[in-house]
Amino acid sequence: MGKEAFGLAAKDNSGVLSPFRFSRRETGEKDVRFKVLFCGICHSDLHMIKNDWGVSTYPLVPGHEIVGVVTEVGSKVTKFKTGDKVGVGCMVGSCGSCDSCTEGLENYCPKMIQTYGFKYYDDTITYGGYSDNMVCDEGFVIRIPDNLPLDAAAPLLCAGITVYSPLKYHGLDKPGMHIGVVGLGGLGHVAVKFAKAMGLKVTVISTSDSKRDEAVNRLGADAFVVSRDQKQIKDAMRTLDGIINTVSASHSLLPLLGLLKPKGKLVMVGVPEKPLELPAMPLIFERKMVMGSMIGGIKETQEMVDMAGKHNITADIELISADYINTAMERLEKADVRYRFVIDVANTLKPTP
């Protein structure tokens, strides 16, 4: 017998979310159970409810930017106690013994278990944070600093770590370095905030001039380049040590590679649906690199959240009620959000009779 839970689930690839009752496992000896207060809406949730990637199983309860307050801990839990502010991001399990796991990179474990829509150790399917309560092995629970507002901290558990990890791993976090951020959306705006907190010079690269004021005057970027303006691109050639590319629409990589200094690094964190063309010449002639990055390990995620606490970094959010969820998904598909929807789970997700 599990514990009752109530959430929002997609029942098929129409992607329409509706009320759903289910049960979560009993609190195991290493488990942390918490009341979900807020859950961010990630762009991947939209892909998953519609089965765009061909891996979705229904009913599907999305949500991997989950924050709340601990209500119960198992007998062998050492890191958390009742009343703690906690979060769960994109994963809830891994093998614990492969090279990736031993290096603290559980996100690259071949047996990594995602927070929703994946098979758990007991053969049940994982359900995400669009729900009133959550249970998770303590090894995958993140402590949220007391000074951060929980609603605006929730997106850090996916968007935050997605941009923080490549900056750290590729050595693009040294004060005075100059990095580019392509796309000023859910990922991009958080990338600017972390990069500035690291002491970096930041250039935002966007397809239109419409976000210039927002990028420079509100988020604190040092420069803004319109990628469709040949003169602006030419003037910025070979100025960047690295680029975090958050765009998931189809686009040309050639102009971006031109902005990098020799030995510069272009890191892909957005997922375009169709393969992009990769010209070899700039890579060969100037030893430039293109690589990908996906979230981060648990230790690094905790480091990221702690840094956010120290520098008061949060996502810019639009708080919504649970009954607005399908409208929010429609708006997200049109990129009509600044910059992350967050569901007010505790106050608005009420079980139907």
Side-chain angles (χ1 to χ4, degrees), residues 43 159 162-164 166-167 170-293 316 333-340:
H43 207 277
T162 295
V163 296
Y164 175 92
L167 288 171
H170 295 296
L172 297 170
D173 60 340
K174 312 289 182 289
M177 278 187 151
H178 189 175
I179 70 140
V181 174
V182 188
L184 197 66
L187 294 174
H189 88 285
V190 176
V192 174
K193 293 184 183 192
F194 273 108
K196 290 309 295 178
M198 290 169 180
L200 308 181
K201 186 178 177 186
V202 180
T203 292
V204 170
I205 301 148
S206 185
T207 52
S208 81
D209 211 42
S210 62
K211 291 182 178 174
R212 181 184 296 272
D213 182 59
E214 175 86 358
V216 176
N217 297 325
R218 208 176 66 74
L219 293 171
D222 300 277
F224 189 94
V225 169
V226 177
S227 56
R228 289 177 177 151
D229 185 319
Q230 293 306 311
K231 183 178 185 310
Q232 287 185 36
I233 288 286
K234 192 165 175 244
D235 290 347
M237 292 275 274
R238 294 185 183 81
T239 58
L240 305 177
D241 295 290
I243 293 174
I244 304 294
N245 186 359
T246 72
V247 174
S248 39
S250 283
H251 59 290
S252 173
L253 296 181
L254 188 60
L256 301 180
L257 290 169
L259 298 178
L260 289 171
K261 295 175 185 174
K263 297 186 294 186
K265 297 167 182 174
L266 171 59
V267 187
M268 311 290 289
V269 294
V271 187
E273 282 174 32
K274 293 188 179 138
L276 302 179
E277 277 191 20
L278 181 63
M281 281 296 207
L283 307 187
I284 294 165
F285 276 76
E286 297 192 302
R287 199 180 236 181
K288 292 176 181 178
M289 290 169 266
V290 180
M291 61 274 288
S293 184
D316 293 2
E333 199 156 24
K334 296 183 240 168
D336 175 23
V337 57
R338 274 182 44 194
Y339 284 99
R340 207 66 154 185

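In this text the structure is predicted, and so the values were computed from the model without any measurement.
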**OP:** For residues Val225 and Asp235, determine if any side-chain heavy atom of one lies less than 4.5 Å from a side-chain heavy atom of the other.
**Re:** no
Original post:
Once you round to the nearest 0.5 Å, how far does NE2 of His251 lie from CG of Leu253?
Top reply: 5.0 Å
Subject >> Lys211 side chain to Ser206 backbone, donor-acceptor under 3.5 Å >> reply: no
Original post:
Taking the side chain as C-beta and beyond, is there a heavy-atom pair between Val247 and Thr207 under 4.5 Å?
Top reply: no
**OP:** Measure across Pro279 and Pro282 and return the closest heavy-atom pair with its distance rounded to 0.1 Å.
**Re:** O-CD, 3.7 Å
Subject >> His170 side chain reached by Met289 side chain, heavy atoms, under 4.5 Å >> reply: no
**OP:** Please work out which of the three classes, parallel, tilted or perpendicular, describes the rings of His189 and Tyr339, given edges at 30° and 60°.
**Re:** parallel
Original post:
Of the options Val182, Ile243, Leu266, Thr203, which is the one that meets Leu259 in a side chain to side chain contact (heavy atoms under 4.5 Å, CB included)?
Top reply: Ile243
**OP:** Nearest 0.5 Å please: distance from the CD1 atom of Ile244 over to the NZ atom of Lys265.
**Re:** 10.5 Å
Original post:
Does the side chain of Asp209 come within less than 4.5 Å of Phe224's, by heavy atoms?
Top reply: yes
Subject >> Audit row: Arg212, Val226, side chain to side chain contact (heavy atoms under 4.5 Å, CB included) steps and yes/no >> reply: CA-CA 9 Å; Arg212 181 184 296 272; Val226 177; 4.1 Å; yes
Original post:
What distance separates Leu240 CG from Leu256 CG, expressed to the nearest 0.5 Å?
Top reply: 9.5 Å
Original post:
Would a distance-only check, ignoring hydrogens and angles, find a side-chain to backbone donor-acceptor pair under 3.5 Å from Asp241 to Ile179?
Top reply: no
Original post:
NZ of Lys263: more than 12 outside heavy atoms within 6.0 angstrom?
Top reply: no
Subject >> Atom pair CG/CD of Leu257 and Glu286 - distance to nearest 0.5 Å >> reply: 9.5 Å
Subject >> Rounded distance [0.5 Å steps], CG in Leu276 versus CG in Leu254 >> reply: 12.5 Å
Original post:
Considering all heavy atoms of both residues, which atom of Thr246 and which atom of Gly183 are nearest to each other, and what is their separation?
Top reply: OG1-O, 3.4 Å
Original post:
Considering all heavy atoms of both residues, which atom of Leu200 and which atom of Asp173 are nearest to each other, and what is their separation?
Top reply: CD2-C, 3.8 Å
Original post:
Do you know the tightest heavy-atom contact between Val204 and Ala221?
Top reply: CG2-CB, 3.8 Å
Original post:
What is the distance from atom CG of Leu167 to atom NZ of Lys174, rounded to the nearest 0.5 Å?
Top reply: 10.0 Å
**OP:** Return each pair, listed once, that meets side chain to side chain donor-acceptor pair (under 3.5 Å) where at least one residue sits in residues 218-228; pairs must be two or more places apart or across chains.
**Re:** Lys196-Asp222, Glu214-Arg218, Arg218-Asp316
**OP:** Quick one: closest heavy-atom pair of Ala159 and Gly186, and the distance?
**Re:** CB-O, 3.8 Å
